[in-house]
Amino acid sequence: MCGIAGILSDNIDLRNERESLWKISNSLKMRGPDARGEYIKKDVALIHRRLAVVDVEKGAQPMSFGPYTIVYNGELYNTAEVRRELEKQGYLFETDCDTEVVLKAFHMWREKSAEKFNGIFAYGIYNNENRTLFLCRDRIGVKPLYYSNIGGNFAFASRMESLLYVKGVKPVCSREGLNEIFMLGPAKTIGKTVFKDIYELPPASYMYFNGGKISINEYWKLSAQPFEDNEITAQEKTHFLVTDAIRRQLISDVPLCTFLSGGLDSSIISKVASDHFKDEGKTLHTYSVDYVDNDKYFESSRFQPNKDSDYINLISDYIGSEHHNIVLNNIAVADALIEAAIARNSPGFTDVDSSLLLFCKEVERNNTVALSGECADEIFGGYPWYHRSEILFEETFPWSRSTAVRRSILKDGFLPEGEEYAHSAYLKTVAKADKLSSDSPLEARMREMFVLNLDWFMQTLLVRKDVMSMESSLEVRVPFCDWRIVEYAYNMPWSIKSFGGREKGILRKAFENELPEIITWRKKSPYPKTFNPIYLREVSKMAEYVINDKSCSLYEMLNKNAIKELMINPESMREPWYGQLMRTPQVLAYIVQIYVWIRKYGVEFEY
């Protein structure tokens, strides 16, 4: 994976902007520590930082062919197929890397080339003849791409921070941005960011920038289709699609491992990967995360019924992996909230972010690539809100059903439109869900839930995974985000998807003969969080400092008494802030991350 950026300017000679271009490049260094490349002319600059994974010796960027120059971040998992198709058209290749395939595919098919790709990517291609820029992002949105267009300077980058070094781009947060932070965060509306003048290219979209004008188009979207397969065929096809996605993503010229939690999703990935490694005479290395004294303080709940540690060694022994358990210090997890917020360039997923950041740093010591089980829950109906009728049909985001806690921490009268802002975002999303006239009320609602999870909860997890792993210079691949799996699951009837009345029932059934029964049918457990009271103590101290800093603009937004009450009585919080992982300690940590973001970037507010 890599970091990319570019500027097109009508009024600056970019050859004289070496200092600002260096700052942009340096802001991408952790995404690409192995090599740096630049393409700089008077009115265009393209910047690339490389994390070498395939064809390490070649594949330097920016790469040119004909009138086109590309900066590319990603991995194609069907590189060989696309290359063969291009070779039949007479194209020759000098490298084994997918960058050259993407570039020559664009030369052949222009924007239609994106429809041919199976992978995770974000890239820009500049046409040197007509000064046109083409930007494109993968179907699911695994790889990030941001842009700005101010004062005759159009810019794009893998990170928002990179764009803050572009002339005219200021760290301003509007009222809309505040609603994103306080009423939706850590999720966000697709296409928007916390900065007024920085936008996100949506997943499955491409952009042309030509003559100062922006045009954005979708090249893929979910479409409701009749499901023709029976239960047996659905099991077989699910098995094939998942297995094929995993195998395609095992290609690497550098050390590769898997994350293994002892749950269904990571166990499937690790089993397929281990079998592949054995065929090559190698042993798969697997990694899990835990916290100091978590066994001592673990609290079973409906959301987290058991500990991962009870299952990890069992599955590791079964597949024959060499397992490494990374145990995180709770104070370090709290301290890393600062680095995690800076890495994300915005308030984030609190210790769900910071713990992953520390974990990835440890994994990266011996690996460059990892496979992870994200997104199976969103696609195959793994979350509790799919299965609880009292939640399923509520006209609200199921992971953030109430804004009461959000409202309580804000000063009276601040963002009075906040609830309506959140509800409007919900309504716009469910309206996107394509349906069949033959859908029952349950099937229609399940399509809405699928899109809600795809556009919101899953995007939050994908941003987290990309940012925290790339901040550690570790490439993490997510096989369940293969668009073929997503399309197939979208049209699968709920009675088949929830086989046996279980969350991810069809996925369990598809792999029940390849995993121990106790793993296959284990009740879902979320990403492990710390239960150690030391963490609550640390974030409370940090939050206490934040809410008393009168020199920060955040001071005028918060209800200090309500926040202090949470510190004193953490059990008083009845509804989670966001999903099952954000309760009182995480709310306090979120406030800390907002503060860090404001201080780091000198954020100014318009409201």
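All of these numbers come straight from a predicted model, not from anything done at the bench.
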Test ring-ring contact (aromatic ring centres under 6.0 Å, His included) applied to Phe450 - qualifying residues, sequence neighbours left out: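 With neighbours one apart ignored, the set is Tyr490.
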
With sequence neighbours left out, what residues match [X] under side-chain contact (heavy atoms from CB on, under 4.5 Å)?
X: Leu392; answer: Leu442, Arg445, Met446, Met449
X: Ala543; answer: Met567, Leu588, Val592
X: Ser266; answer: Leu260, Ser261
X: Arg247; answer: Thr243, Val272

Give every residue pair that meets the salt bridge (Lys or Arg N to Asp or Glu O under 4.0 Å) criterion with at least one member in residues 452-461, sequence neighbours excluded.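 Checked against salt bridge (Lys or Arg N to Asp or Glu O under 4.0 Å) - neighbours excluded - the pairs reaching residues 452-461 are Lys432-Asp455.
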
Does the ring centre of Phe457 sit less than 6.0 Å away from the ring centre of Tyr383?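 Between Phe457 and Tyr383, which both carry aromatic rings, the centre distance is below 6.0 Å.
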
Report yes if the distance between the aromatic ring centroids of Phe227 and Tyr488 is under 6.0 Å, otherwise no.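 They qualify: ring centres under 6.0 Å apart.
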
If I compare all heavy atoms of Tyr77 with all of Gly119, which pair ends up nearest, and what's the gap?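 Scanning both residues, the minimum pair turns out to be CD1-CA, 3.7 Å.
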
Can you name the one residue among Val486, Asp265, Ile246 that meets side chain to side chain contact (heavy atoms under 4.5 Å, CB included) with Phe480?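 When side chain to side chain contact (heavy atoms under 4.5 Å, CB included) is applied between Phe480 and each of Val486, Asp265, Ile246, only Asp265 qualifies.
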
Is it true that Glu176 and Lys196 have a side-chain N and a carboxylate O under 4.0 angstrom from each other?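 The answer is no: the pair does not qualify as a salt bridge.
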
If the threshold is 4.0 Å, N to carboxylate O, is there a salt bridge linking Arg401 and Glu394?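 Yes, Arg401 and Glu394 are salt-bridged.
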
